[in-house]
Amino acid sequence: MAHEYKVLIKEFHLDFLGHVNNARYFDLFEEARWDLIQHNDWGVERIKKEKKSPVVLDAEIIFKKEILLREEINIVTTWLGMKNRLVFELEQIMYKPNGDLACKSIFRVGFMDLNERKLIVPADDFLAAVQ
């Protein structure tokens, strides 16, 4: 099941060329991932309590069309599955207001024990939250 997150592009998202700065795409994708897990009971408070958290291990990103000031974009996050027992993949796509593809990414994510500082097998209820 895909998760949708809408955001209005503001001045601080832009670079001097007048479009969204490439580094801001990562911020926007992260906002959408936090929105996804927060809505599924794995927000910051639960992460602090459980001492377990998702961590981005790798990312691929392809820029297709520029995003401009005051455009409301839609970020769609989709579960792609487990890559191995410790790593899963999420696809995130940004759409412009007219539905055009602006940017596509794949994030490889692990689940970290914050006390041990190492990857662990993701908890079943966490996996349910990101699917």
Problem - Residues clustering with F16 (ILVMFWY side chains joined when closer than 4.5 Å, directly or via others) - result: L17
Can a donor-acceptor pair be found, under 3.5 Å and without considering hydrogens, that links the side chain of [X] to the backbone of [Y]?
X	Y	answer
R24	F12	yes
K96	E66	yes
R46	D41	yes
S105	Q92	yes

For a quick test of reading the model, state the closest non-hydrogen atom pair linking [X] to [Y] and the distance between them.
X	Y	result
F126	P122	CD2-CB, 4.4 Å
V109	P54	CG1-CB, 3.9 Å
T78	A2	OG1-CB, 3.7 Å
F111	A123	CE2-N, 3.7 Å
I73	I9	CD1-CD1, 3.9 Å
F88	L127	CD2-CD2, 4.3 Å

Can you tell if the side chain of [X] reaches within under 4.5 Å of the side chain of [Y], non-hydrogen atoms only?
X	Y	result
V55	L119	yes
E60	R108	yes
C103	I75	no
I106	L90	no

Hey, any chance [X] and [Y] share a hydrophobic cluster, counting ILVMFWY side chains that come within less than 4.5 Å of each other, even indirectly?
X	Y	answer
L57	L114	yes
W34	W42	yes
V76	L101	yes
L68	L28	no
V7	I37	yes

Exercise for the section: Might you work through the side-chain contact (heavy atoms from CB on, under 4.5 Å) test for R33 and V56, ending with a clear yes or no? Expected result: CA-CA 11 Å; R33 289 191 308 276; V56 172; 3.5 Å; yes
Practice task
Sequence neighbours left out, what passes side-chain contact (heavy atoms from CB on, under 4.5 Å) with Q38? Give chain and number order.
Solution key: none
Rounded to the nearest 0.5 Å, what separates atom [atom1] in [X] from atom [atom2] in [Y]?
X	Y	atom1	atom2	value
Y5	T77	OH	OG1	10.5 Å
E4	D35	CD	CG	11.0 Å
F26	N21	CZ	CG	11.0 Å
M112	K118	CE	NZ	11.0 Å
H13	D27	NE2	CG	7.5 Å
M94	N74	CE	CG	10.5 Å

Handout entry: Test salt bridge (charged side-chain N to carboxylate O under 4.0 Å, His left out) applied to E11 and R70, step by step
Key = CA-CA 8 Å; E11 289 77 6; R70 300 294 165 185; 2.9 Å; yes
Practice task
Inspect the contact between K51 and E116 and indicate whether a charged nitrogen and a carboxylate oxygen are less than 4.0 angstrom apart.
Solution key: no
Practice task
Mind telling me whether H3 and H39 have parallel, tilted or perpendicular rings, with 30° and 60° as the class edges?
Solution key: tilted
Problem - Under the ring pair (Phe, Tyr, Trp, His ring centres under 6.0 Å) test, residues paired with Y25 that sit two or more places apart - result: F63
Problem - Heavy-atom neighbours of D124 CG exceed 12 at 6.0 Å - result: no
